[in-house]
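One structure below.
Just so it is clear, the model here is predicted, and its values are computed rather than measured. Start at 1 and go down the list; that is how both ligands and their atoms are numbered.
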Amino acid sequence: MQRNSERERWRASASLDELALLAQTAGAVVAGRALQRLEAPHPATYIGKGKVEEIKSLRFADGGYDLVVFDDELSPSQQKNLEDALKVKVLDRTALILDIFAMRARTREGRLQVELAQSEYLLPRLKGQWSHLERLGGRSGQPGAIGVRGPGETQIETDRRLVRRRIQHLKSQIEDVRKQRALYRRRREREGVPVVALVGYTNAGKSTLMRALTRDSDVFVQDQLFATLDPLTRRIHLEEGRPALLTDTVGFIQKLPTGLVAAFRATLEELADAAVLLHVVDVTHPDAAGQSQTVEETLRDLGLEDKPRVTALNKVDQLRDAAGEPVRSIGELAPFQASLGASAPDAVMISAEKRWGLDDLRRRLAEVLERQPVGSR
Ligand SMILES: Nc1nc2c(ncn2[C@@H]2O[C@H](COP(=O)(O)OP(=O)(O)OP(=O)(O)O)[C@@H](O)[C@H]2O)c(=O)[nH]1
Ligand SMILES: [Mg+2]
């Protein structure tokens with residue numbers, strides 16, 4: 001039991017580390033953090049009353065803070081109650097991720113999907129914002145809303161209707177994008193070039209590997225979460241010059257809300273047509289196993305658990321040998337192989353940055369492709 005709870009605590013704390021990285025990526029400066037152990041979240045405020053007071057008391061301590069971010073999804077009423085109690089803006093993990101996605105989306109498809117996810121997140125939360133108007137008896141007579149609102153409609157009803165209409169509009173636009181993508185995929189299929197899709201936890205090194213395998217320096221790489229949002233496909237060559245298409249896309253993260261995954265369906269459908277999923281794992285991350293598991297769970301949610309998989313254990317250049325010296329080549333890693341590869345015996349050790357192990361990886365991919373019936377490639 002003891003060990004379990006220690007593990008839980010470590011997990012919660014590691015998850016907060018990740019939340020801090022997300023906050024930094026979104027442009028915030030982290031002033032402090034708090035952790036509370038509860039049997040179940042408080043229905044009204046998620047954390048307990050005492051903890052709310054404690055956080056409130058830190059409001060003007062040291063540098064103070066003007067934003068509080070919770071590591072789990074808050075219900076719309078919890079978010080509102082917390083804002084009322086703390087007198088600052090309160091966000092949850094989902095809102096933070098949405099914010100980063102909005103910053104990162106470059107293509108029309110990416111933007112549409114982010115806006116859909118944002119609108120769906122906003123819809124149930126409109127109530128909190130306008131409840132004071134409802135209490136005052138409805139019709140607020142906002143000038144901007146004139147002409148849109150039906151007779152006797154309250155502001156919140158109008159807002160909800162507008163957001164719902166926008167959601168419908170976005171969905172139909174995304175549907176067009178999906179059809180377009182499906183056309184491209186059929187064309188590719190006819191050409192008979194198999195698709196290898198990169199999957200993995202955010203920041204695992206997928207884009208770096210894409211760069212290394214394509215020698216394309218335009219691929220965007222950054223030491224930040226969700227550097228890549230829009231899918232990108234490039235031609236690569238496996239063994240004996242055999243061509244394949246390599247697709248890079250959005251990374252996964254723990255506690256990724258299903259609504260967000262659903263909004264990214266058009267992008268993630270690319271994975272469904274891949275002949276092989278190339279799972280990139282950052283072996284140097286303290287929670288590499290947990291991250292790997294999150295990726296597997298997300299793939300299961302997407303119905304992709306049966307896709308052939310090749311696992312690449314990346315960033316091995318960061319490992320140190322028994323004497324604490326940095327390793328200089330893959331050859332020195334034999335002693336690690338057993339422990340690293342235990343969870344994925346077929347895994348290939350690579351360093352995307354140093355271009356180590358790429359021949360091995362190409363060979364492994366070619367082998368897996370070889371084993372598949374021609375129709376499914
Ligand atoms: N030391 C080392 N660093 C690496 C290696 N591969 C990637 N990195 C670094 O890891 C960071 C993330 O790399 P990306 O390629 O952007 O990771 P990604 O999986 O595409 O991340 P997202 O697009 O954010 O999901 C960058 O700072 C890379 O330079 C590697 O083999 N060794
Ligand atoms: Mg990337």
Side-chain angles (χ1 to χ4, degrees), residues 17-27 96-107 110 113-114 196-234 236 246-256 260-261 264 267-268 270-271 277-288 291-292 294-295 298-299 310-321 325-330 332-333 336 340 347-362:
D17 289 343
E18 186 176 82
L19 188 73
L21 278 179
L22 285 167
Q24 281 161 11
T25 301
L96 198 58
I97 293 176
L98 279 172
D99 206 55
I100 297 170
F101 277 20
M103 254 163 43
R104 291 278 190 257
R106 294 276 180 275
T107 62
Q113 294 181 124
V114 172
V196 176
L198 286 159
V199 294
Y201 209 79
T202 178
N203 213 42
K206 301 176 292 298
S207 300
T208 309
L209 181 57
M210 174 110 174
R211 227 186 212 189
L213 289 172
T214 58
R215 303 213 164 238
D216 182 348
S217 54
D218 285 346
V219 180
F220 185 61
V221 167
Q222 210 169 33
D223 191 12
Q224 277 194 339
L225 307 183
F226 300 114
T228 308
L229 206 66
D230 306 299
L232 182 71
T233 303
R234 291 277 184 272
I236 57 166
L246 185 66
T247 296
D248 184 17
T249 183
V250 58
F252 300 153
I253 196 165
Q254 54 139 352
K255 302 183 189 172
L256 191 65
L260 241 171
V261 177
F264 272 78
T267 294
L268 294 169
E270 289 292 292
L271 302 181
L277 301 181
L278 173 49
H279 180 180
V280 183
V281 181
D282 173 359
V283 277
T284 67
H285 195 280
D287 193 26
Q291 294 193 338
S292 217
T294 296
V295 172
T298 312
L299 289 176
V310 170
T311 304
L313 301 174
N314 191 30
K315 309 198 188 180
V316 295
D317 58 290
Q318 293 283 303
L319 297 176
R320 290 176 176 268
D321 64 17
E325 294 295 317
V327 295
R328 284 177 305 276
S329 74
I330 283 274
E332 291 180 35
L333 288 169
F336 285 100
L340 287 181
V348 183
M349 291 202 276
I350 63 161
S351 162
E353 196 156 281
K354 305 260 190 235
R355 299 175 187 268
W356 293 351
L358 299 188
D359 284 342
D360 249 4
L361 184 61
R362 288 191 193 95

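Taking the side chain as every heavy atom from C-beta outward, Leu361 and Leu278 approach each other to under 4.5 Å. Within the 4.5 Å cutoff, the side chain of Leu22 has no heavy atoms near those of the Asp99 side chain. When side chains are defined from C-beta on, Thr249 does not count as touching Glu270, because their heavy atoms never get closer than 4.5 Å.
Heavy-atom minimum distance, Ser292 versus His279: OG-CE1, 3.5 Å. Met103 and Thr25 make their closest contact through CE-O, 3.2 Å (heavy atoms, listed as atom of the first residue, atom of the second, distance). Residues Leu246 and Leu213 approach most closely at CD2-CD1, 3.9 Å, considering heavy atoms.
In this structure, atom 25 (O) of ligand 1 lies nearest to the protein heavy atom Lys206 NZ, 3.0 Å. For atom 12 (C) of ligand 1, the closest heavy atom belonging to the protein is Asn203 OD1, 2.9 Å. The protein atom (non-hydrogen) at minimum distance from atom 7 (C) of ligand 1 is Thr208 OG1, 3.3 Å. Here the protein heavy atom with the shortest distance to atom 24 (O) of ligand 1 is Ala227 N, 2.7 Å. Of all protein heavy atoms, the one closest to atom 10 (O) of ligand 1 is Lys315 NZ, 3.0 Å. The protein atom (non-hydrogen) at minimum distance from atom 29 (O) of ligand 1 is Glu353 OE1, 2.9 Å. Atom 27 (O) of ligand 1 has as its closest protein heavy atom Asp223 CB, 3.2 Å. Atom 32 (N) of ligand 1 has as its closest protein heavy atom Asp317 OD1, 2.7 Å.
With hydrogens and angles disregarded, no donor-acceptor distance shorter than 3.5 Å links the side chain of Tyr201 to the backbone of Ala288. Using modelled atom types, one side-chain atom of Arg106 and one backbone atom of Arg104 make a donor-acceptor pair closer than 3.5 Å. A donor-acceptor distance shorter than 3.5 angstrom exists from the side chain of Asn314 to the backbone of Ala204, with no hydrogens or angles considered. No donor-acceptor pair closer than 3.5 Å links the side chain of Asp248 to the backbone N or O of Lys206.
Backbone and side-chain nitrogen or oxygen atoms of Ser207 are examined, and one is located within less than 3.5 angstrom of a nitrogen or oxygen of ligand 1. An N or O contact shorter than 3.5 Å is missing between Lys354 and ligand 1 by distance. Residue contacts with ligand 1: Ala352 is placed with a nitrogen or oxygen under 3.5 Å of a nitrogen or oxygen of the ligand (distance criterion only).
Sparse packing is recorded around NZ of Lys354, with 12 or fewer heavy atoms of other residues, nucleotides or ligands lying under 6.0 Å away.
Heavy-atom proximity to Gly251, at under 4.0 Å, picks out these atoms of ligand 1: 25 (O). Of all the atoms in ligand 1, the ones that sit under 4.0 Å from a non-hydrogen atom of Gly205 are 7 (C), 13 (O), 14 (P), 15 (O), 17 (O), 18 (P), 19 (O). Within ligand 1, the atoms closer than 4.0 Å to a non-hydrogen atom of Thr202 are 22 (P), 24 (O), 25 (O), numbered from 1 in the order shown. The ligand atoms of ligand 1 that sit less than 4.0 angstrom from a heavy atom of Gln318 are 1 (N). Taking a cut-off of under 4.0 Å to the non-hydrogen atoms of Phe226, the atoms of ligand 1 that pass are 24 (O). For ligand 1, the atoms closer than 4.0 angstrom to any heavy atom of Leu225 are 24 (O).
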Does Phe252 form a side chain to side chain contact (heavy atoms under 4.5 Å, CB included) with Thr202? I'd like the steps, not just the answer.
CA-CA 5 Å; Phe252 300 153; Thr202 178; over 6 Å; no
For Thr298 and Val199: C-alpha separation, side-chain torsions, deciding distance, then whether side chain to side chain contact (heavy atoms under 4.5 Å, CB included) applies. CA-CA 10 Å; Thr298 312; Val199 294; over 6 Å; no
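Remark: distances from the non-hydrogen atoms of Gly200 to ligand 1 are all 4.0 Å or more.
Protein N/O/S atoms found under 2.8 Å from the Mg ion (ligand 2), listed by chain and residue number: Ser207 OG, Thr228 OG1.
With Ile350 as reference, Leu209 is the one residue of Leu209, Val316, Leu313 to meet the side chain to side chain contact (heavy atoms under 4.5 Å, CB included) rule.
Distance check, rounded to the nearest 0.5 Å: CG of Leu277 to OG1 of Thr247 gives 10.5 Å.
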